[in-house]
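Remarks on the structure that follows.
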Amino acid sequence: MKTAARLLLAIALLLGLGGRALALDPARSILQFKHTSWTAEDGAPTNIWALAQTPDGYLWLGAAGGLYRFDGVAFEAVPLADDDYSHSQHVNALVVTPSGELWAGYRRGGIAVFRDGKLRELPSADRDGVLTMTAAPDGAVWVALNSIKHNLARFVGGQRQDIDPSWNLPEGYIMDLKITRDGTLWVAIDGSLSFLRPGARRFERTEVVMGAGAGLAEDPSGRLWVSDSLGARPLPNVAKGEPVPAGATGYAVSDSARYARILFDRQGALWGTTFSTGAFRVARPDSALTAGAPRPHAETYEAKDGLSSDKAVPILEDREGNLWIGTSIGLDRLRTANVVVEPGIARSSRFGYMQFADRDGAVWIGDSEAVYRALPGQAPRMMRDRLSNPTALCQDKAGGVWLGAGDLLTRLGGRPRTATPPVPSGAPYSGCVIDGRGDLWLALFPLGYGRLDAQGRWTVSPPLEANAIYSDVEIDREGRVLLPRPRVLTRIAPDGTVQTLRPPAKLAVGGMRAFYQGPKDFLIGCEFGLLRLTGDRFQALQVARFPWAKGVQGVVQTPAGETWVLGALGVVQMRTEDLDRAFDDPSRSVSYRLFNMKDGLPGPPQQNGVRDVVRGGDGRIWLLTLEGVAWIDPARIDRNALPPPVLIRSLTVNGQVRRDPRDLVLPRGASKLQIDYTALSLSVPERVRFRYRLEGVDKDWVEAGGRRQAFYTNLKPGRYRFQVLAANNDGVWNDRGAVLAFENPPTFVQTNLFRALCVLAVIGVLWGLYALRLRQMSDRIHGRLQERMAERERIARELHDTLLQGVQGLMLRLQSVADQIPADQPARQALESALDRADDVVVEGRDRVRSLRADRAGDLHEILAEQVERLGLEPAIKVRMVVEGTPRRLHPLVCEEIERIASEALFNTQRHAQARNVEITVGYGRGALTVLFRDDGLGLDQTVLDSGRREGHFGLTGMGERARKIQGEFELRSRPGAGTEIALTIPGGVAYLSSGRRAWPSFRRRALTSET
C-alpha cells in the first residue's frame, strides 16, 4: 500500500498537484493573472482591430498594416496572394467559419478568405468597407458594411446576397453582430437593436435603447448582453416576449466608449474593452440587476496597470483559456498563473520583506513600512503601518506576536504583558525566536546576541568568536538556539552548552543563507547547494548535479510529503522522499517541477531574506522576492492538459521559401534545406519542446528543445518524410505531430545513367592507361629486342667480315698450295682432307651467322612443324598441330625463344614422357599469343611441379627463364599418369609485329638497314 501511495504521489507531482483545466480564476483579481504584452519592438503589429483563432491553433490579428498570424513566438504577415499592393491592407474584422476557414474584412473594401495556405480575395465582394462579421452554424457569413443604407450582406457558398429594405433592417452603421446559440441573429445599430429569427427573411425591431459603440455577447445561460456607453448589462429576451425595462441598468464601465467588445470566458466572467479606458472584467456578473439601484463598477485593467494601451478593441479567449486583447500599441495576453502575486502588499520595499507563519496558520508579512496578516484562505490585511523597517517577527508561547521595528519591540495580541524594555544600547537587530523557556532571542550583529526573559530582563552576550557578526537566529527541534554565519553554525543548548559546527570544505556549497527545521532534519540553503544537518553530520546536494539548489533562499516541507525550495532558478516543488534519498545517495536524481517568472513569480529571490518561504494554514506556500510577495496554492496548480497542435510553417530550399508546404517535389540540385515548424501552445510558448526526425537521415529523434528550425545539407536524391512532435509547457506531448513528405529529384549527375557513364568513363580511362602502359612496355621490350638484334647482327657481320672471310682466304691459299703438290703425294691427300674439314667449318660458321641474324621466315606453326620433323617424333609419337585465329608475323627474337622452348618441351616429351600423342596448339589471339603443348605421357611428380625443375636438370628452369625474357607467362600442369601440359602466353604487343604501329616499322627499317 505504501508503494502504491508513493506512486500516486509521484504521478500527482509530475502532473501538477490538483491540476485543473486552464481558466482565469474569477476569485483572483486581474492583477493576479500573468500579463505579457508584445509591441512593435517585439515585432507585433500596431492598431489591432480584430482577433480570431483558427482550428489549427494560430492566433490571427487584423491590423491597420494587414493580416498577421501569431504562434506565440513570431508574428508572420500574411499578404493577399498575387497582391499588387493596390488593395487596402487595413483588416477591420475577422471570423472563423464552421469549416475552419478564416475570413478577413478590409476597412476600405473587400473580403479575403484564407484557404489551403493562401489568402485570396472573394470575387463577389465589392469595395464596400467591412465593419464586423459573424458566421452562422450553417456556414453563412454575415458582413456589416460601412454604409448607412446598404449596411448588411450575407455570403452563402461564397456568393453575396445584399440585405435590401424588404428585410426590414433599420438604416445606420452597424456596431456589432451576434448569432446566439438558438440561431437568432442580433444586430446592434446606432441607438437600436434588431434581430432575425432562424429561417426568417425579415428583421424584427426592438425597443431596447442602445448607447454608442455597442458590443454584444451571450452569457453561459444564453442571455444576451451589451456593453456600450451606457454600461455593460444583460438584455431582455425580447424574442421570447420579455418586456424592456424602463431604464438601462448595468455595470459602469465607460461613458465614452467608441467601440465596445465583450465576451464571457469559460468561467462565466464578463470581459470587455471600450477603446478609451482599456479592459474591464466582471468576475461574477449578475443578470438580475435592479433598475434604479447604484451601478456596480467593473474591475478595470488599464495602461497604468500594465496594459499596452488604453485604446483596446478586440478581445478573445483562446483554446487554452488565455485572454487576448488587441490595442493601438500591440497585443496583450492574460493567463492563469500558478504563482500568484499578492496585490495587497506593495510591489517594492526599500529594505525587502520578512515573514513567518504562526501556530494558527496565519502568515505575517512585513515590508519596509507595514506589517500584514493573511489568515488561512484570505488576503493579507494590514496590522500596523508607518513603521520604520521591521526586522523581527515571531510568536511566543502565549500566542502573542513580537514585532521589532527600529529600537522598538512590540507585542501584538495574546495575553497582556508588562511593558517591554527597549533593545539594549539601541543596537540593530534581526531574527526572532522563542526558546523552550519562553525567552526571546535576537541577533545583534557585532554586539553578539540578546535574550529577553519572561521577567522582561535583557541579557546581552558578546560574540562567541572574535569578529563574529550575527544577523539571524534560529531554533531547532531540540530547542537549541542556532546563531548562523556564512560558514559557521553556533549551537547553544538549553543547558548553555555551546557547540560550533562547520560544513566540511569538500562539500563546496558556499556560504549558508537560509535555515529550516523540517519534520525530521535541519535543512540549510547555501550559495551552491543544500545542506542537511543530522546531529553533527552535514550532507550536501551540490549545484553541479542539482542545478535547482543554486542560491537557496528558503525551504519548507508540507504534511503532504512535498518540499518547496526557493532559489536562483525559481521555486522548485519535489517529493520529500526523493530529496531524502538524494541526500543518502547523491548519485540519485530528483524529479521536480520549476516555477519561475513565466509562472508569475514577480522577481528573483531576496539576497538577505529571513524565512523567504513559509507555509500557511490553508496550505499556500508564501514566497518573498525582490519585486513583491507571492504565493502558490498546491491544491490549485493549473496544468495545461491540451497537446499543442503542430504545424510546419515553411520549407526553405536554396534560399527560396515555401510557406505552409504540403507534399512537394524539391527543385533539382537542392543542397540546403531549412524546415521551420511550430507548436500552437500559446500559454507559455517559451517552454514548448520539440523533437524531430527526417526518415532516412536521422537514425533517432533529434531533441531540439525550444528550437523551431531543422537544417539539412547534401541530401541524397529520394523521397523523405519529416516528422516533428511537440510538448506544451507542462510536458503534454502531441504524439501525432506534423508530417511533411517531399521528394528530392536527382540532377543529371545523380542519375544512374550518369553513374553508368562515369563507370564507363573510368573503365575507358583505366583501359586507356592500361593500353598506354602496355604500349610503353611493349615499346620498351621491342626496344630491348631490337638492341639485341642489332648486337647480334653486328656480331654476325664481324664473324662474316673477319673470321669467315679470313678462313676462306686461307683456304684459297692452301688450295693453291695443294694444287702444286702431286696428287700421289701423301701430303696432298692430307691437305685436301684439311680443306674439306675447313669447308665444313665455313658452312657451320655461316649457319651460326644466319642464326645470329634471326631472319628466319615462316609462321610459328610452320616453324614448330619443322621442329617436330627435325626431332623425328613421328611415327613413334603422333603429333597433332592446331592453329587458332589468323596467323600473324612474330618478332624474330620472340619467335626464336618460342622455338627454343618448343624444342625443350618436345625433347622432354620424346625422352621422358613415354607419350603416344602430342598436341600443339598455337593461338593467335588479339591480346596475346598462346602456345600449348599437351601429351598423354606419364606426367610429372608433384615435387617437380612444386619446385619447377628436376633435380640435376635445368630444362624446365630454362624454359621459364626464356618465357620471362619475352614478358611471357609459363605454366606447367600435370598429374602422375595423366600427361603434361605446358602453356606459354605472351602479350600481343610483345609477340606481334603489327603494321598498325607507327614507331615499329621505322624502327625495323633502321634495324634492317643496319643488317645490310
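The chain is numbered in sequence order, starting from 1.
- Using modelled atom types and a 3.5 Å distance limit, the side chains of Thr277 and Glu302 yield no donor-acceptor pair.
- If you check the side chains of Asn322 and Glu317, you find no donor sitting under 3.5 Å from an acceptor.
- Less than 6.0 angstrom separates the ring centroid of Trp49 from the ring centroid of Phe275.
- At least one side-chain heavy atom of Gln674 sits under 4.5 Å from a side-chain heavy atom of Gln709.
- No side-chain donor-acceptor contact under 3.5 Å links Arg261 and Thr273.
- Other residues, nucleotides and ligands place no more than 12 heavy atoms under 6.0 Å from the CZ atom of Arg736.
- In this structure, a donor-acceptor pair under 3.5 Å is present between the side chains of Ser308 and Thr327.
- Residues satisfying the side chain to side chain contact (heavy atoms under 4.5 Å, CB included) criterion with Arg347, sequence neighbours excluded, are Val341, Pro602.
- Of the charged side-chain nitrogens involved, none lies within less than 4.0 Å of a carboxylate oxygen, so that Asp578 and Arg588 do not count as a salt-bridged pair.
- Taking the side chain as every heavy atom from C-beta outward, Leu316 and Leu59 approach each other to under 4.5 Å.
- If you check the side chains of Asp71 and Thr678, you find a donor sitting under 3.5 Å from an acceptor.
- Sequence neighbours left out, the pairs with a member in residues 678-692 that pass salt bridge (Lys or Arg N to Asp or Glu O under 4.0 Å) are Lys598-Glu686, Asp599-Arg687, Arg691-Glu703.
- Checked against side chain to side chain donor-acceptor pair (under 3.5 Å), Glu627 has no partners two or more places apart in sequence or in another chain.
- Between Phe114 and Trp60, the ring planes are tilted. Angles from 30° to 60° get that label.
- For residues 133-146, no pair satisfies side chain to side chain donor-acceptor pair (under 3.5 Å), with sequence neighbours left out.
- With sequence neighbours left out, Phe711 forms a ring pair (Phe, Tyr, Trp, His ring centres under 6.0 Å) with no residue at all.
- Ser276 and Thr274 share a donor-acceptor pair across their side chains, judged by distance under 3.5 Å alone.
- Shown here are the ring pair (Phe, Tyr, Trp, His ring centres under 6.0 Å) partners of Tyr712, two or more places apart in sequence or in another chain: there are none.
- With 3.5 Å as the limit, one finds no donor-acceptor pair spanning the side chains of Ser683 and Asn729.
- The aromatic rings of Trp38 and Phe70 sit perpendicular, their planes meeting at an angle over 60°, well past the 30° parallel limit.
- Scanning for side chain to side chain donor-acceptor pair (under 3.5 Å) contacts around Thr97 gives Ser99, with sequence neighbours left out.
- For Trp271, there are no ring pair (Phe, Tyr, Trp, His ring centres under 6.0 Å) partners, not counting sequence neighbours.
- Considering only residues two or more places apart in sequence or on other chains, Phe280 meets the ring pair (Phe, Tyr, Trp, His ring centres under 6.0 Å) condition with none of them.
- Within a 6.0 Å sphere centred on NZ of Lys178, other residues, nucleotides and ligands contribute more than 12 heavy atoms.
- For residues 60-69, the salt bridge (Lys or Arg N to Asp or Glu O under 4.0 Å) pairs, not counting sequence neighbours, are Arg69-Glu76, Arg69-Asp660.
- Every residue was checked against the salt bridge (Lys or Arg N to Asp or Glu O under 4.0 Å) condition with Arg662, not counting sequence neighbours, and none meets it.
- For Pro746, the side chain to side chain contact (heavy atoms under 4.5 Å, CB included) partners at least two apart in sequence or on another chain are Arg668, Pro717, Gln750, Thr751.
- A donor and an acceptor atom, one from each side chain of Asp318 and Gln53, are nowhere located under 3.5 Å apart.
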